[in-house]
Number of protein chains: 2
Amino acid sequence: MAAPIDFYFDFSSPFGYLAAKRIEAIAENHGRTVAWHPILLGFIFKITESKPLVSFPLKGEYSVHDMKRSAREQKIPFAMPSNFPVGTIAAARAVLWAQTEHPALATPLIHALYDAFFADDKDISETGNVMACAESLGIDPDELETALQDDAVKSRLKTAVDEAVKRGVFGSPFIVVDDEPFWGHDRLEQVSRWLETGGW
Amino acid sequence: MAAPIDFYFDFSSPFGYLAAKRIEAIAENHGRTVAWHPILLGFIFKITESKPLVSFPLKGEYSVHDMKRSAREQKIPFAMPSNFPVGTIAAARAVLWAQTEHPALATPLIHALYDAFFADDKDISETGNVMACAESLGIDPDELETALQDDAVKSRLKTAVDEAVKRGVFGSPFIVVDDEPFWGHDRLEQVSRWLETGGW
């Protein structure tokens with residue numbers, strides 16, 4: 001069995017959202033699965049001396065245009081959230097917790113959170129909206145609320161971000177196929193060709 | 001006759017080089033020509049609060065890997081120049097001058113300069129290497145040397161950069177198809193589909 005494709009993403013990343021909609025089909029076409037890794041770009045940007053794409057003059061305006069155009073081309077529902085960018089620590093913790101406590105629901109939770117933020121304009125920096133997504137999948141919101149304050153869950157996210165940085169992850173989406181790194185939604189076609197050919 | 005595709009580029013941009021190798025075939029496939037616009041990113045980065053891709057921690061290392069991988073995939077000769085990034089004011093002025101004084105040689109000069117820098121590791125921040133590229137195409141190097149110091153040529157480049165910024169250009173390559181902007185070598189497939197379909 002070939003190794004899963006590692007998919008690193010931040011919940012506040014529009015291109016992470018678009019790629020999340022497409023990566024499972026790409027993986028499946030090549031007999032792979034996806035290992036999902038929520039990270040926090042805010043922390044990583046301090047190391048890479050960067051900041052969110054939308055906050056650069058000129059580039060920021062273009063990037064929103066580009067996101068919308070890419071979404072339309074892929075026929076993926078997309079609207080820039082009213083409050084953007086936001087901190088996504090609760091969403092990331094919820095997913096890491098679900099990956100061990102409710103593994104069958106963890107990936108559906110990722111999609112529910114991304115859809116809430118980028119299709120339905122629900123501010124997922126608010127814990128209440130994260131809990132609503134979880135509850136819609138049958139997860140007990142009280143159980144999740146406790147987990148979000150659990151030191152073990154907090155520390156799991158810190159470790160996950162540290163390990164991502166060690167692996168060279170600096171953006172979202174960031175995809176690793178058999179140790180080959182690809183950054184960006186716009187690398188998905190190349191990821192497909194890499195999987196198809198074994199690389200070049 | 002459909003409008004030409006506007007292709008903005010900096011001579012110190014690896015992805016500008018890769019895209020320059022491919023844009024004419026893409027244009028021709030859709031009955032278009034290419035209008036070449038050399039610009040100076042160093043100036044534009046001050047406005048966009050940015051800096052060369054390779055100078056960001058983590059992202060810089062990845063970007064070199066990504067450039068080499070994209071070049072190999074496209075079978076385009078590519079080596080990171082020993083001296084990089086460099087100022088490309090002489091190369092840009094030479095092209096703007098050639099576009100009026102030797103119009104048939106201006107586009108070949110662009111390719112000669114890009115090849116010198118990214119395939120043959122000739123430092124095109126040195127005027128001597130710019131002149132050698134021009135001379136290889138039959139341009140009189142003395143005539144070019146005079147032109148590079150001509151106030152009218154200098155001012156033409158300043159105007160070109162100002163006009164690019166006014167149009168929203170902030171990176172290289174930057175491609176405009178019928179007022180639709182595309183940034184990056186990685187948007188070429190999308191540019192093709194845009195030309196094919198008329199947009200979406």
Side-chain angles (χ1 to χ4, degrees), chain A residues 8 15 41 43-76 164-172 174-177 179-194 196-197 199-200, chain B residues 8 15 41 43-76 164-172 174-177 179-194 196-197 199-200:
Chain A
Y8 296 86
F15 286 118
L41 277 186
F43 177 81
I44 295 178
F45 282 161
K46 287 179 195 158
I47 297 170
T48 59
E49 299 166 16
S50 196
K51 58 182 180 178
L53 194 55
V54 295
S55 49
F56 288 94
L58 284 186
K59 195 190 281 191
E61 290 160 52
Y62 167 83
S63 73
V64 172
H65 180 82
D66 185 40
M67 290 159 192
K68 291 178 178 172
R69 180 173 61 201
S70 293
R72 286 198 311 274
E73 185 178 23
Q74 296 295 330
K75 305 196 191 323
I76 297 172
V165 171
K166 269 186 213 148
R167 211 175 178 191
V169 173
F170 57 82
S172 168
F174 199 99
I175 297 148
V176 183
V177 179
D179 286 329
E180 184 71 17
F182 296 88
W183 169 44
H185 170 256
D186 47 29
R187 289 296 179 281
L188 285 186
E189 281 76 18
Q190 208 177 38
V191 165
S192 275
R193 296 190 293 267
W194 191 271
E196 183 71 35
T197 62
W200 53 82
Chain B
Y8 295 86
F15 286 118
L41 276 187
F43 177 81
I44 295 177
F45 282 162
K46 288 178 194 157
I47 298 170
T48 59
E49 300 167 15
S50 196
K51 58 182 180 178
L53 194 55
V54 295
S55 48
F56 288 93
L58 284 186
K59 196 190 281 189
E61 291 160 51
Y62 168 82
S63 73
V64 172
H65 180 82
D66 185 39
M67 290 159 191
K68 291 179 178 172
R69 180 173 61 200
S70 292
R72 287 198 310 274
E73 184 177 23
Q74 296 295 328
K75 306 197 190 321
I76 297 172
V165 171
K166 268 186 212 145
R167 212 175 178 191
V169 174
F170 58 81
S172 168
F174 199 98
I175 299 148
V176 183
V177 179
D179 285 330
E180 184 72 17
F182 296 88
W183 169 44
H185 170 257
D186 48 29
R187 289 295 180 282
L188 286 185
E189 282 77 18
Q190 208 177 36
V191 166
S192 273
R193 296 191 294 268
W194 192 271
E196 184 71 36
T197 61
W200 53 83

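By convention in this document, chain letters (A, B, ...) are assigned in the order of the sequence lines, proteins followed by strands, and residues within each chain are numbered from 1.
Separating the CD atom in A:Glu73 from the OG1 atom in B:Thr197 is a distance of 7.5 Å, to the nearest 0.5 Å. The line from CD of A:Glu189 to CG of B:Asp186 is 10.0 Å long, rounded to the nearest 0.5 Å. Between A:Trp200 atom CH2 and B:Gln74 atom CD the span is 9.0 Å, to the nearest 0.5 Å. Distance CD/B:Glu61 to CZ/A:Phe170: 9.5 Å, rounded to 0.5 Å.
Other residues, nucleotides and ligands contribute only 12 or fewer heavy atoms inside 6.0 Å of the CZ atom of B:Phe43.
If you measure heavy-atom distances from B:Arg69 to chain A, the contacts under 4.5 Å come from both the backbone and the side chain. Contacts of A:Val169 with chain B are made by backbone atoms alone, with heavy-atom separations under 4.5 Å and no side-chain atom involved. The parts of B:Ser70 that come within reach of chain A are both its backbone and its side chain, each placing non-hydrogen atoms under 4.5 angstrom from that chain.
You'll find the side chain of B:Lys59 stays beyond 4.5 Å of the side chain of A:Ile44, heavy atoms only.
The shortest heavy-atom contact between A:Leu58 and B:Gly168 is CD2-CA, 4.0 Å.
Ranked by heavy-atom pairs under 4.5 Å with chain A, the list B:Ser55, B:Gly60, B:Gly171, B:Pro181 is led by B:Pro181.
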Could you go through A:His65 and B:Glu180, starting from their C-alpha distance and side-chain angles, then the distance that decides it, and tell me whether this counts as side chain to side chain contact (heavy atoms under 4.5 Å, CB included)? CA-CA 10 Å; A:His65 180 82; B:Glu180 184 72 17; 2.7 Å; yes
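Under the 6.0 Å cut-off for aromatic ring centres, B:Tyr62 and A:Phe174 qualify, their centroids lying closer than that.
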